[in-house]
Amino acid sequence: VPPQMGPLAASVILLVVSAVRGFPYTELAQWVDSHQEEYVEALRDWVAVESDSSNVLKRPELHRMMEMVAQKLRQMGGTVELVDVGEQELPDGSTLALPKVVTAQFGNDSNKSTVCVYGHVDVQPAKLEDGWATEPYNLTDINGNLYGRGASDNKAPVLAWIHAVQAYQALDVELPVNVKFIIEGMEETGSNGLDAMIVAQRDTFFSEVDYIIISDCGWLSRRPAITYGTRGNCYFYAEVEGPKKDLHSGVYGGAVVEPMVDLIGIMDTLISPSGKILIPGIREAVAPLSDEEWKMYQDIQFDMDNYKDKIGVSQLMYNNKVDLLAHLWRYPTVSIHGIEGAFSDPGTKTVIPAKVTAKFSIRQVPNMDPAAVKKQVTEYLHSVFAKRKSPNKLKVTMVIGAKPWLADTQHVLYEAGKAAVKRVFQMDPDLIREGGTIPVAKFQDVTGKSIVMLPIGGFDDGLHSQNEKISRYNYIEGTKLFIAYLNEVSQIT
Ligand SMILES: CC(C)C[C@H](N)C(=O)NCC(=O)O
């Protein structure tokens with residue numbers, strides 16, 4: 001474009017040129033490459049916010065995070081709203097404002113398809129003393145890996161989507177589809193408030209949405225992936241209450257039935273050492289593994305030894321690939337996460353805790369139903385507790401009940417994904433499922449829209465763990481993938 005030309009004329013020329021030349025992927029990708037330092041700085045700013053949704057003391061940070069997201073989208077000229085989704089009730093009966101959900105819209109052309117990108121900017125807790133090698137909220141680049149809490153889950157992928165739209169804008173390339181965003185701040189603790197918001201906006205925000213795209217997951221290996229299923233999650237508290245206060249174990253040990261012993265006793269009845277779930281009714285509900293599915297898993301390249309190395313174990317529950325993948329993706333599992341009220345500090349306190357609460361969850365797969373699981377678990381735990389003839393009191397509560405999700409890999413959204421992956425990475429993607437949980441089933445049930453999950457996280461990003469990271473490569477090439485994907489989706493007829 002000649003330098004003496006005004007901005008309007010220049011953008012008209014660019015548009016005409018791009019229309020004549022087709023989709024200017026190379027120029028857009030070059031733009032991304034030449035702006036990668038800015039993208040890393042943007043991630044640094046976001047990672048610096050301790051937007052831990054599980055810690056009520058961090059709630060002001062979470063509100064600030066949502067404002068930052070809204071501000072960024074506003075600066076890009078989007079139509080942005082911060083949607084109030086109400087309050088959260090805390091275990092002591094008090095209430096706390098939920099972080100607002102950010103919605104944004106770029107383009108409103110009825111001749112184009114509309115995609116809606118879902119993501120979240122809340123994170124899991126992280127402390128240096130948990131064993132991080134670097135400060136978790138200070139993004140640190142080591143050998144091309146960007147370490148920081150929330151870097152991969154899910155701040156970089158949300159930013160990559162934003163930068164993809166920005167690249168189109170910066171080069172005056174018309175967005176091939178209308179793009180909407182829905183960004184929440186409670187994903188890590190069960191998407192509190194989001195379900196009602198999706199229902200409330202079904203006929204407004206979601207009415208013109210054609211497709212929903214989610215990038216809140218990772219690849220299985222170094223090969224890019226497209227994800228067609230997630231497990232749901234039922235999260236439980238089991239509280240055992242005994243004496244009215246903590247007791248000295250020398251003075252009272254032997255006199256009282258200890259709540260912790262009861263609790264550990266009943267927790268031990270949930271799952272066998274070989275991973276068999278012992279709660280009646282759970283395994284019976286699971287959809288059988290089909291031959292076609294078995295074949296799909298068999299065809300996926302997956303290095304079990306490398307997987308073991310990365311997580312630092314000498315042995316896995318299953319020693320063949322198909323069994324392992326099936327148990328990660330399409331069978332339920334019980335995980336015991338912690339015990340509130342138990343002594344866990346360093347040292348040798350000799351206490352009998354008066355009240356202890358175990359926290360455990362059961363990942364959900366087709367055809368399990370969270371309401372049925374709640375009943376099965378509650379009845380089962382009360383029945384095993386009754387057999388102990390303990391004078392203590394047991395209370396079982398289900399605090400999260402998220403359904404699994406499964407898509408048809410033959411859908412055009414998946415074909416579009418394959419084409420975009422091919423363009424950016426010059427290879428075919430793995431088609432995989434995800435063992436983790438996001439509110440995708442709710443989007444599906446309420447909006448009825450087609451959904452695809454397009455991950456950019458690496459297989460070894462360490463989500464929820466110490467030293468979470470995303471590589472620069474995945475962040476930057478992932479941004480290009482989103483640019484290419486928007487173009488592929490616009491070709492769907
Ligand atoms: C890999 C998961 C789908 C990532 C997601 N952000 C998450 O952590 N969800 C909560 C969960 O416990 O699965």
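Keep in mind the model is a prediction, meaning the values are calculated, not measured. In listed order, ligands and their atoms are each counted from 1.
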| message | Evaluate Y147 against W132 for ring-ring contact (aromatic ring centres under 6.0 Å, His included), listing each step before the verdict. | response | CA-CA 10 Å; Y147 291 89; W132 281 69; 8.0 Å; no
Open item on the list: Strictly below 4.0 Å, N to O, side chains only: are D428 and R223 in salt-bridge contact?
Closed with: no
Would you mind writing out a table of all protein N or O atoms found under 3.5 Å from any N or O atom of ligand 1, naming both atoms and giving the distance to 0.1 Å?
unit_1	atom_1	unit_2	atom_2	d
ligand 1	6 (N)	H120	NE2	3.2
ligand 1	6 (N)	D153	OD1	2.7
ligand 1	6 (N)	D153	OD2	3.3
ligand 1	6 (N)	E187	OE1	3.1
ligand 1	6 (N)	E187	OE2	3.4
ligand 1	6 (N)	D216	OD1	2.9
ligand 1	6 (N)	D216	OD2	2.9
ligand 1	8 (O)	D153	OD2	3.3
ligand 1	8 (O)	E188	OE1	3.3
ligand 1	8 (O)	H464	NE2	2.7
ligand 1	9 (N)	E187	OE2	2.9
ligand 1	9 (N)	T437	O	2.7
ligand 1	12 (O)	R363	NH1	3.3
ligand 1	12 (O)	R363	NH2	2.9
ligand 1	13 (O)	R363	NH1	2.8
ligand 1	13 (O)	T437	N	2.8

Checklist entry - Do the numbers put K321 on top of the ring of F302, so that NZ or CZ is under 6.0 Å from the six-membered ring centre and no more than 45° off the axis? => result no
message = Check whether S272 reaches the backbone of S274 with its side chain - one donor and one acceptor, N or O, closer than 3.5 Å.
response = yes
Is K395 close enough and on-axis enough to Y237, meaning under 6.0 Å and within 45°, for cation-pi?
no
For E434, the side-chain hydrogen bond (donor to acceptor under 3.5 Å, both in side chains) test, sequence neighbours excluded, returns none
